[in-house]
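All remarks here apply to the structure that follows.
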Number of protein chains: 2
Amino acid sequence: MARQRKRTRDEWVAASFAALAEGGIDAVRVERLARTLGVTKGSFYWHFTDRAALVTAMLDAWETGGTRDVIARVDAHGGDAGARLRQLCRVTSRDGELTAELALRDWARRDADVAMRVQRVDDVRMAYIRALFEELFPNAEDIEARSMLLYSLLIGNDFIVARHGRRGRARVLKDAVELLLAQA
Amino acid sequence: MARQRKRTRDEWVAASFAALAEGGIDAVRVERLARTLGVTKGSFYWHFTDRAALVTAMLDAWETGGTRDVIARVDAHGGDAGARLRQLCRVTSRDGELTAELALRDWARRDADVAMRVQRVDDVRMAYIRALFEELFPNAEDIEARSMLLYSLLIGNDFIVARHGRRGRARVLKDAVELLLAQA
DNA sequence: GGTTTTCCATACGCAACCGTATGGACGAGG
DNA sequence: CCTCGTCCATACGGTTGCGTATGGAAAACC
């Protein structure tokens, strides 16, 4: 933890995500972040005009990190459509991968700008999933249903905390994916 | 809007949910709620010891409203397992049915008590869905996978804002449910 | 080495909340 | 009619957070 002298804009954004994950949006406060970064508000208001500007920067980071980065990681693994869908499942089910999702989707219900961003993210993710399913199935409506089911599963896997008896979540998740990949 | 003289505890809770839906958890503030109810804080602190007590009352209401009430509405409609699952889908996809879900699930990540409540709700819902699928399929693992997929779909239908080209969400939702109800 | 730019500390005013304390209006019960 | 319990208004102190203003240290530049 070498006491560096200068903070960058990205450090503020990173600290904001950490605070969001730990304490919710209520924890993303200028003075609190300043303390964790070892500086004061003066630093913040030099890098950002506003608290709103910080939030905008967070949204930007989430938008690319939650689409392009994930897709790149999946594609880097290679394989055919089925392998990629399984890999997508593994990547997104990693713990802490979707820490900001809930807060942002909740916020999107009340803020038009945030809603637009979430829609963009959802469209990109669905397009990726849809393209993979298109390599496996012929019927467009079937493809759309399976894509929606898989995307919902990835979201639900993180948002739902139900127990599954003796079976673990990982096993259920795997079974569900295989069900979606199975030919009707 | 007859200016009533006395407020009940439930009115405060109802106003809290309205505020939560409109402005997020940040809008659930004592003095703000008092204004919308046409009273002052004095009233609040007579009905509740604390802001935390209000939140607890909200959680209680959500817990029963999001499980027993929904299940009762579905069962009241009657029909076999397949019909009930389709009805469950219709009931939960009504707008505004899950306004508190996102905020609560987000909160559950950081508060052990809230997490326990969400888990109870998820367990009850999953048990209901599972029981219905058990009437349709023989394999336990298959049942669990389909149950998780359906529950995820119901959640995802509300949380995901992706577009589906010419097909509307309602149509995709219906196709997805039929896919889950179809024999392998 | 002096000047300018970069980055941050300090101090201030202001608003929003929380929770408490206290008194008052109003109806119920005797 | 008087009292008592119910329900709320008002006033207060304390905290937290935002945004601004201003000065200062340290580095970059010439």
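Letters go in sequence order (proteins before strands), and every chain restarts at 1. Just so you know, these numbers come straight off a predicted model, no measurement behind them.
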Separation of atom OH in A:Tyr45 from atom P in C:dT10, rounded to whole Å: 17 Å

Between P of D:dT6 and NZ of B:Lys6, the distance in whole Å: 9 Å

Expected output: side-chain A:Arg105 to main-chain B:Phe159 donor-acceptor under 3.5 Å: yes

side-chain hydrogen bond (donor to acceptor under 3.5 Å, both in side chains) contacts in which one or both residues fall within residues 62-73 of chain B, not counting sequence neighbours: B:Trp62-B:Glu101, B:Glu63-B:Arg117, B:Glu63-B:Arg120, B:Arg73-B:Glu97

side-chain N/O A:His47 vs C:dC8 OP1/OP2, d < 4.0 Å: yes

A:Glu144 with B:Arg171: basic N within carboxylate O range, under 4.0 Å: no

Atom pair distance, as rounded to whole Å: CZ in A:Phe48 and P in D:dC18: 13 Å

Atom pair distance, as rounded to whole Å: CZ in A:Phe44 and C1' in D:dT20: 14 Å

Distance in angstrom units between A:Trp12 CH2 and D:dC18 P, rounded: 10 Å

From CD1 (A:Ile155) to CD1 (B:Ile155), nearest 0.5 Å: 11.0 Å

Any donor-acceptor N/O pair, A:Glu11 side chain to A:Thr8 backbone, under 3.5 Å: yes

Whole-Å gap separating C1' (D:dG17) and CG (A:Leu33): 12 Å

Given DNA chain D, 5'-ward residue of the pair B:Trp46 and A:Gly42, judged by closest heavy atom: B:Trp46

Within 6.0 Å of CD in B:Glu22, more than 12 heavy atoms from elsewhere: no

Polar atom pairs (N or O), protein with nucleotides 15-17 of chain C, under 3.5 Å:
from	atom 1	to	atom 2	distance (Å)
C:dC17	OP1	B:Arg32	NH2	3.3

B:Arg9 CZ - D:dC8 P separation (whole Å): 13 Å

